[in-house]
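Here's the structure we're looking at; comments come further down.
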Amino acid sequence: MDGHIPRLTLIFILLALSGFILLISNITSLEDLNQLTSTFYKIQSSIHSSFKSPEILWPLEVNHTYCAHFGQEPTAEEAKEQRDLLSSTAWPGPLVQGLPVELSSDPAKSYFVIQGPAEQYIGGQLVVHVHVQNFLGLPKKHGGDFLIARLHSPELGAGVAGKVHDHHDGNYTVLFPLLWTGVAWVEITMVHPSEAVVVLKRLQEEQPDRVFFKSRFRSGAISETTVCNLCLPLNEKPLCNYTDPETGEPWYCYKPKKLGCSTRIDHSKGGYEKNLITKYEAQFFRSGVNIKVPIPASAMDHVTVLPAENGQAKVKSIYNAAGYYFHDTWRPLNGAVIWRFNDSSAITHCLKGKIVYMHGDSTVRQWFEYLTALVPNLKQLNLYSPKNSGPFMAVDSRNNILVRYRCHGPPIRFSSVLSSELHYVANELDRIQGGPHTVVLVSVWSHFSTFPIEVYVRRLRHIRRAVMRLLDREPATLVVIRTANLQQLNSESSLFNSDWFSLQRDVVLRAMFRGLRVQLLDAWEMTLAHHLPHDIHPPRAIIRNMMDMILSRICPVGKI
Ligand SMILES: *[C@@H]1O[C@H](CO)[C@@H](O)[C@H](O)[C@H]1NC(C)=O
Ligand SMILES: *[C@@H]1O[C@H](CO)[C@@H](O)[C@H](O)[C@H]1NC(C)=O
Ligand SMILES: *[C@@H]1O[C@H](CO)[C@@H](O)[C@H](O)[C@H]1NC(C)=O
Ligand SMILES: *[C@@H]1O[C@H](CO)[C@@H](O)[C@H](O)[C@H]1NC(C)=O
Ligand SMILES: *[C@@H]1O[C@H](CO)[C@@H](O)[C@H](O)[C@H]1NC(C)=O
């Protein structure tokens, strides 16, 4: 499509802008796609738009879905659930693509307005309106920008996540519960403009193999390496089919030239594809411009929260946060009491007689590392496992404590996992006895970010079935499932690991485990509410709060 419209120099921008601005109100208020398109063509020909990389408008459509129909056949109920999940993760956005970047959402030109007085009462709810505008400073007329929000008091070590509601018209409402007294500051961040989310959606459906994997094969002196993935093109080159016989989860590698498929010895991340997006699309992913950039306040950016007065009608917050930080300590709002396990003897006392299984990605491995670092009696055995990927095992034989970590099955982007250790979480759970001495901690999210959502739904469905079987045979087993967390993003990592991908998976995970006897550990809110920068591996201060929650659940009040 490039070259269709003559590229003019930047000198024409000013000329073009004046004409353009007159027409903006028309463009943005038109509902009808055809009318919009023809209007845009008229603009383009009449003012010879000289915006960078002008492209012809094209309707939003992506090609569906690659490799999503494997695994055990969903029951009718599960198939309906999948349809509901897909519709619940539907994301609004622009009607068309290809508009000049100047019309895309600009966090710096957007603003928020705190509603109500500068002094509000604890127990109430703070309402903030966000007005998203484009680079020309004009209001956006559609939704789909990915915003996150936090209310915090730095000197109190206090913070809580806000709930963002998209009105689909360029305006957003953010709700915060008022949970402590003092001066509290509002922080609204645009993670991505809606125009960037469109690109992420396209990548998710059309480039699910943008992270690629490889395996080594070895027999005697011969060794070969080939590329692997969840799906590989059929009928091109011979494939090795490593589909899991129990769950039906697919996995393929190109067959080595000399060796057979049974000579596979390991699995590792191959790399990240380059040149995934056009120059035009890249304009929506600029660090410091439109990736995780704060939206300023139009005026007041903080409120003073006062203690509840007698007779003051309490406005109940309609949004229930999972918890909040106070003195840098997480306080869940579900009534659970959190004990501080800040020394090794308290942890040992709590874990006495327990077997703790940790299954999943590196974010659950962080808990293994935390415990073995903090509790000297918990001795990690040398299993000769590759660094970082495990499996790992730590034992305190005097107190009969066993802690194990094992990574989830492919897709997993670790540097090297032995083929013999590529196990699926669902199959592992089926092999656990369970019972009051057993704790199962699961975290499966990050390595699915590049695949269509159906692939994740299918994986969780297998894990959920195994969890239900486990709880069915041993109801006293404690199962904790960790949600996704926010991470640091730049123009490149956004295409693979964006928080938008994580949020979509987070929504699915919460929905799929709702109502089951498993504990959800809300890593999303715990990283959003905290003052430390977002990191795929949350810093120790957050890990400590997570472990305190888990240990408090293992050893509830009065039992320690
Ligand atoms: C806006 O659209 C209306 C109807 O389509 C048209 O009459 C009017 O001239 C347009 N305004 C501008 C500034 O182009
Ligand atoms: C979808 O796939 C078809 C056939 O593979 C292709 O012709 C079409 O251009 C694709 N559409 C998009 C939006 O990529
Ligand atoms: C969005 O908010 C602005 C500022 O309050 C207001 O003028 C505008 O009417 C709102 N837009 C819609 C579609 O409600
Ligand atoms: C791979 O094996 C599975 C299970 O045996 C089978 O269902 C699937 O069709 C095979 N894939 C291909 C491409 O032959
Ligand atoms: C653990 O916490 C208690 C109370 O919060 C404190 O008194 C104690 O010094 C802490 N111990 C360590 C080892 O940090």
Side-chain angles (χ1 to χ4, degrees), residues 21 24-32 36 65-74 92-95 103-116 126-134 136-145 147 149 164-175 186 188 190 193-194 208-209 213 215 226-256 260-262 264 267 295-301 409-411 419 422-424 426-427 451 454-455 458-459 461-462:
I21 288 166
I24 300 290
S25 55
N26 269 23
I27 291 180
T28 45
S29 61
L30 288 172
E31 294 294 331
D32 180 3
L36 178 58
T65 271
Y66 170 89
C67 209
H69 55 279
F70 294 94
Q72 292 162 1
E73 193 69 24
L95 284 172
L103 300 188
S104 71
S105 305
D106 176 8
K109 291 252 167 54
S110 305
Y111 61 95
F112 70 80
V113 185
I114 292 177
Q115 306 297 297
L126 181 64
V127 179
V128 176
H129 288 168
V130 185
H131 305 285
V132 173
Q133 307 202 127
N134 61 27
L136 305 175
L138 295 161
K140 293 298 296 268
K141 296 292 170 90
H142 60 76
D145 300 299
L147 310 181
V164 178
H165 179 71
D166 184 347
H167 295 293
H168 299 186
D169 58 7
N171 290 338
Y172 299 76
T173 299
V174 183
L175 304 177
V186 172
I188 312 278
M190 185 181 290
S194 56
D209 48 1
F213 302 88
S215 272
T226 70
V227 165
C228 309
N229 220 317
L230 202 64
C231 290
L232 290 173
L234 303 172
N235 317 321
E236 274 185 19
K237 289 192 260 174
L239 299 179
C240 291
N241 183 350
Y242 297 112
T243 297
D244 178 57
E246 284 164 275
T247 57
E249 287 282 355
W251 193 255
Y252 296 91
C253 297
Y254 287 115
K255 189 184 167 304
C261 294
S262 60
R264 182 177 64 150
H267 162 94
I295 290 178
S298 66
M300 182 172 72
D301 60 356
S419 314
L422 277 177
H423 299 189
Y424 289 89
N427 296 342
F451 294 95
E454 291 92 335
V455 170
R458 178 183 67 211
R459 183 62 56 95
R461 203 158 51 219
H462 296 151

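Indexing begins at 1, ligand by ligand and atom by atom, following the structure's order.
Listed by atom number, the atoms of ligand 4 under 4.0 Å from L234 heavy atoms are 13 (C). Numbered from 1 in the order shown, with element, the atoms of ligand 4 that lie under 4.0 Å from a heavy atom of N241 read 1 (C), 2 (O), 3 (C), 8 (C), 10 (C), 11 (N), 12 (C), 14 (O). Per-residue contacts place T243 under 4.0 angstrom from the following atoms of ligand 4 (heavy atoms of the residue considered): 1 (C), 2 (O), 3 (C), 4 (C).
When the SG-SG distance for C253 and C261 is compared with the 2.5 Å cut-off, it comes out at or above that value.
When atom types are taken as modelled, the side chain of Q72 and the backbone of R458 share no donor-acceptor pair closer than 3.5 angstrom. Remark: the backbone N or O of K109 is paired with a side-chain donor or acceptor of Q133 at under 3.5 angstrom.
Closest heavy-atom contact between H167 and T173: NE2-OG1, 2.5 Å. Annotation for Y111 and S298: closest pair CD1-CB, 3.6 Å, computed over non-hydrogen atoms.
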- Message: Pair W251, N229 - check side chain to side chain contact (heavy atoms under 4.5 Å, CB included), show working.
- Response: CA-CA 6 Å; W251 193 255; N229 220 317; 4.3 Å; yes
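In this structure, V174 and V164 have side chains that are in contact, with non-hydrogen atoms separated by less than 4.5 Å.
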Between ligand 3 and the protein, which N/O pairs are shorter than 3.5 Å?
residue, atom, partner, partner atom, Å
ligand 3, 2 (O), H131, ND1, 3.0
ligand 3, 2 (O), N171, OD1, 3.2
ligand 3, 2 (O), N171, ND2, 2.5
ligand 3, 11 (N), N171, ND2, 2.8
ligand 3, 14 (O), D169, OD2, 3.4

